[in-house]
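Please read all numbers here as calculations on a predicted model, not as lab measurements. Protein chains get the first letters and strands the later ones, always in sequence-line order, with residue 1 at the start of each.
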There are 2 protein chains.
Amino acid sequence: MATIGQIAAELGISKSTVSRALRGLPGVSQDLIDEVKAVAERMGYVPSAAAAGLTTGRNYAVGVVVPALTRWFYSEVVSGVDRALAAAGYDVVLYDMDRNHDVGTRAFARSLLRKRVDALIVVATVFTEHELAEFDALEMPVIAVGPSAPQFRTIGVDDHAIMAAAMEHMLGLGHRQLGYVGGYDEESLSLASAADREHTFMKTALAAGALVQPEWMLAGGYKQGAAMRATRELFSRDSWPTGLVCASDEMAMGAICAIHAAGKRVPEDVSVIGIDGHEYGADYELTTMAQNPQAQGEWAARQVVAEIEGATPVQEFEPAPFTLIQRGSTAAPGR
Amino acid sequence: MATIGQIAAELGISKSTVSRALRGLPGVSQDLIDEVKAVAERMGYVPSAAAAGLTTGRNYAVGVVVPALTRWFYSEVVSGVDRALAAAGYDVVLYDMDRNHDVGTRAFARSLLRKRVDALIVVATVFTEHELAEFDALEMPVIAVGPSAPQFRTIGVDDHAIMAAAMEHMLGLGHRQLGYVGGYDEESLSLASAADREHTFMKTALAAGALVQPEWMLAGGYKQGAAMRATRELFSRDSWPTGLVCASDEMAMGAICAIHAAGKRVPEDVSVIGIDGHEYGADYELTTMAQNPQAQGEWAARQVVAEIEGATPVQEFEPAPFTLIQRGSTAAPGR
DNA sequence: GAGCCTAACGCAACCGTTTGCGTTGGTCGA
DNA sequence: TCGACCAACGCAAACGGTTGCGTTAGGCTC
């Protein structure tokens with residue numbers, strides 16, 4: 001509860017000296033520094049970010065905009081952002097859009113319009129022209145995580161490439177009858193990722209001469225439960241693919257559950273591959289093309305801090321790495 | 001980028017009048033109000049929360065401390081907190097402990113020590129005596145979500161009661177051979193919830209004369225994958241229970257998957273009940289004792305805002321409601 | 001028409017820190 | 001011995017709002 005002024009009065013010195021001593025700036029003798037710090041500790045001094053920010057113009061806080069915090073990918077990204085930002089001494093101010101697609105009324109109506117943050121990290125969000133103009137007006141660094149956003153520096157996986165790699169694995173194993181579990185997550189604010197993955201699946205499958213029935217294209221909404229339902233229905237019919245390519249690990253695990261429920265075996269009867277690198281995948285013996293959302297969040301956080309501290313922003317797409325984790329859910333087709 | 005002073009200069013009036021006009025305070029004619037607002041809009045005025053907070057002492061922000069943002073329960077709570085806080089005009093400053101059990105070095109080293117937030121919401125976290133003393137020193141409202149914390153106003157489900165209710169359902173169906181999927185989540189900062197649920201399971205089962213083999217007590221770590229593994233192992237043996245009580249829905253869904261993989265049927269061969277009310281439960285036909293973490297978060301947020309705005313804090317436990325959602329995963333035992 | 005009231009606005013101090021610049025006293029080199 | 005120089009510290013003006021109080025002018029009452 002004590003202020004710098006009170007510490008100064010207590011010691012009979014000036015506020016400026018206290019301020020410098022506390023921050024380790026030159027111009028204060030070591031003896032005085034020790035003394036000031038001791039008194040500050042004793043008086044329970046707590047610096048005011050508001051007051052400091054007033055003069056310096058820096059808040060040591062960055063805003064994080066996320067479509068729906070409860071979804072796996074987004075929470076992983078935020079977790080990574082938080083970790084890296086904490087290490088750099090910054091706070092994270094959270095904006096969960098939470099099914100509210102109107103970015104403008106949410107994010108802007110709140111602390112963006114109150115100069116509370118030094119920068120912004122937006123996760124998998126698309127913006128209108130108007131909103132982009134507002135961003136410009138705010139004149140703060142903006143970094144995007146997810147599908148490439150041409151307006152900002154973006155980090156994310158190349159959805160075409162990661163799907164192509166997954167297909168390469170399946171086709172390499174000999175699968176030529178492929179199903180797809182994908183669809184669109186209505187809570188996401190960007191459909192680009194889902195569209196790209198589905199597109200590349202189709203293109204790659206057809207190029208390899210694989211058989212893809214229209215009824216093998218399943219809409220799982222990027223959710224485990226929905227994927228399980230859809231897959232269960234697929235295997236209640238009289239024809240099914242030898243391999244199932246899932247646009248996310250959550251859906252893949254749902255699919256595996258449905259396949260078991262249908263009395264079939266993985267991978268003997270049907271192979272399953274996912275995309276994401278979900279924590280639970282190991283227990284499900286799930287083969288997957290793993291990306292690392294936390295690392296992407298950390299990268300974005302470091303980048304944003306660098307820009308705040310003067311680095312010149314580069315406006316290009318930073319492709320996040322992905323790697324095949326081969327486990328027990330994929331094998332050569334049995335028949 | 002404009003300030004109040006610049007607006008005042010532009011109009012040839014005083015800063016105080018601009019301030020009052022912008023906030024709709026009395027003492028300004030309607031004509032002037034309109035004029036000020038128009039000029040503010042035109043000049044792209046953005047209020048500074050730091051400057052306002054300096055004089056008022058209010059930040060319109062509350063800190064949220066969470067053990068691990070990526071876990072279902074916590075992300076749901078935070079989502080609810082964010083929604084309610086946004087509605088009240090407050091920002092949320094996030095502190096993800098993220099496997100870092102040392103609350104002191106994380107939360108306190110950051111903006112708590114910089115007076116950035118008006119209050120604190122702590123989710124399922126235990127504190128040391130020292131940390132509690134620090135909280136007291138900060139003199140700000142603190143609300144807890146999760147297991148009852150005697151030091152704070154707490155909202156959460158009564159873990160004994162919710163497990164007892166789940167057991168009542170299973171015992172009522174006639175199950176007398178019960179397995180348990182629980183264990184401890186090593187990422188949680190509080191073991192009380194898991195311990196209470198397991199304790200009540202045991203007590204209730206024994207009181208009803210149910211058979212519980214030691215090897216039917218499964219350690220799922222509150223995670224879906226681990227629960228699946230443990231359950232798979234259980235059903236690879238030669239004796240198994242007729243009903244499986246799971247301490248969380250995630251584990252229950254993992255268990256269902258394992259049961260299917262073992263070639264058994266739900267609920268014909270084994271009934272499964274979960275606790276939580278997870279979104280995916282419906283697709284899994286999962287019977288569950290549903291709680292509502294988002295609603296708990298919202299309640300905590302509203303409570304904290306009330307206390308910030310002067311309400312006298314009441315230091316008692318607020319039991320969160322729960323309700324049985326009966327679906328297809330439970331039935332009377334077949335044999 | 002004098003006195004009073006009130007709406008509408010200005011003045012200036014204040015919130016807690018930071019920072020450029022001015023002021024000391026002492027050390028050092030020539 | 002005398003500037004020169006520097007380390008160590010103080011002064012005071014910002015930063016951008018908020019707020020208590022003072023002032024003014026017009027309208028009202030009796």
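- Listed by chain and number, the residues in a salt bridge (charged side-chain N to carboxylate O under 4.0 Å, His left out) with A/E10 are A/R42 (sequence neighbours excluded).
- The terminal axes of the helix from C/dG1-D/dC30 to C/dA30-D/dT1, fitted over 5 pairs per end, subtend an angle of 40° to the nearest 10°.
- The side chain to side chain contact (heavy atoms under 4.5 Å, CB included) search around A/A52 returns none, not counting sequence neighbours.
- Annotation: salt bridge (charged side-chain N to carboxylate O under 4.0 Å, His left out) contacts of A/D159 (sequence neighbours excluded): A/R197.
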Would you tabulate the nitrogen or oxygen pairs shorter than 3.5 Å linking the protein to nucleotides 18-22 of chain C?
{"unit_1": "C/dT18", "atom_1": "OP2", "unit_2": "A/S19", "atom_2": "OG", "d": "2.5"}
{"unit_1": "C/dT18", "atom_1": "O4'", "unit_2": "A/T55", "atom_2": "OG1", "d": "3.0"}
{"unit_1": "C/dT19", "atom_1": "OP2", "unit_2": "A/R23", "atom_2": "NH1", "d": "3.2"}
{"unit_1": "C/dG20", "atom_1": "O6", "unit_2": "A/R20", "atom_2": "NH2", "d": "3.2"}

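- For A/N59, the side chain to side chain donor-acceptor pair (under 3.5 Å) criterion is met by no residue, not counting sequence neighbours.
- Every residue two or more places apart in sequence or in another chain that forms a ring-ring contact (aromatic ring centres under 6.0 Å, His included) with B/W72 is listed here: B/H278.
- Evaluation of the salt bridge (charged side-chain N to carboxylate O under 4.0 Å, His left out) rule for B/E298 yields B/R83, B/R302 as partners, not counting sequence neighbours.
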Grab the N/O contacts between the protein and nucleotides 23-27 of chain C below 3.5 Å, and write none if there aren't any.
none

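- Contacts between residues 27-34 of chain A and DNA chain D, defined by a heavy-atom separation below 4.0 Å, involve A/G27, A/V28, A/S29, A/L32, listed by number.
- Partners of A/E309 by salt bridge (charged side-chain N to carboxylate O under 4.0 Å, His left out), not counting sequence neighbours, listed by chain and number: A/R58.
- A donor atom on one side chain and an acceptor atom on the other are found under 3.5 Å apart for A/Q30 and A/D34.
- Distance B/R58 CZ to D/dT19 P: 11 Å, rounded to the nearest Å.
- C/dC15 atom C1' lies 5 Å from atom CG of B/L54, rounded to whole Å.
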Please list, one pair per line, the donor and acceptor atoms closer than 3.5 Å that link side chains of residues 16-23 of chain B to other protein atoms, with sequence neighbours excluded.
{"unit_1": "B/S16", "atom_1": "OG", "unit_2": "B/S14", "atom_2": "OG", "d": "3.0"}
{"unit_1": "B/T17", "atom_1": "OG1", "unit_2": "B/S14", "atom_2": "OG", "d": "3.1"}
{"unit_1": "B/S19", "atom_1": "OG", "unit_2": "B/R23", "atom_2": "NH2", "d": "3.1"}
{"unit_1": "B/R23", "atom_1": "NE", "unit_2": "B/S19", "atom_2": "O", "d": "3.4"}

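- When rounded to the nearest whole Å, the span between CD of A/Q6 and P of C/dC15 equals 10 Å.
- Close to C/dG10, at under 4.0 Å from its OP1 or OP2, lies a side-chain N or O of B/S14.
- For the pair B/K115 NZ and C/dC15 P, the interatomic distance rounds to 12 Å; values are reported in whole Å.
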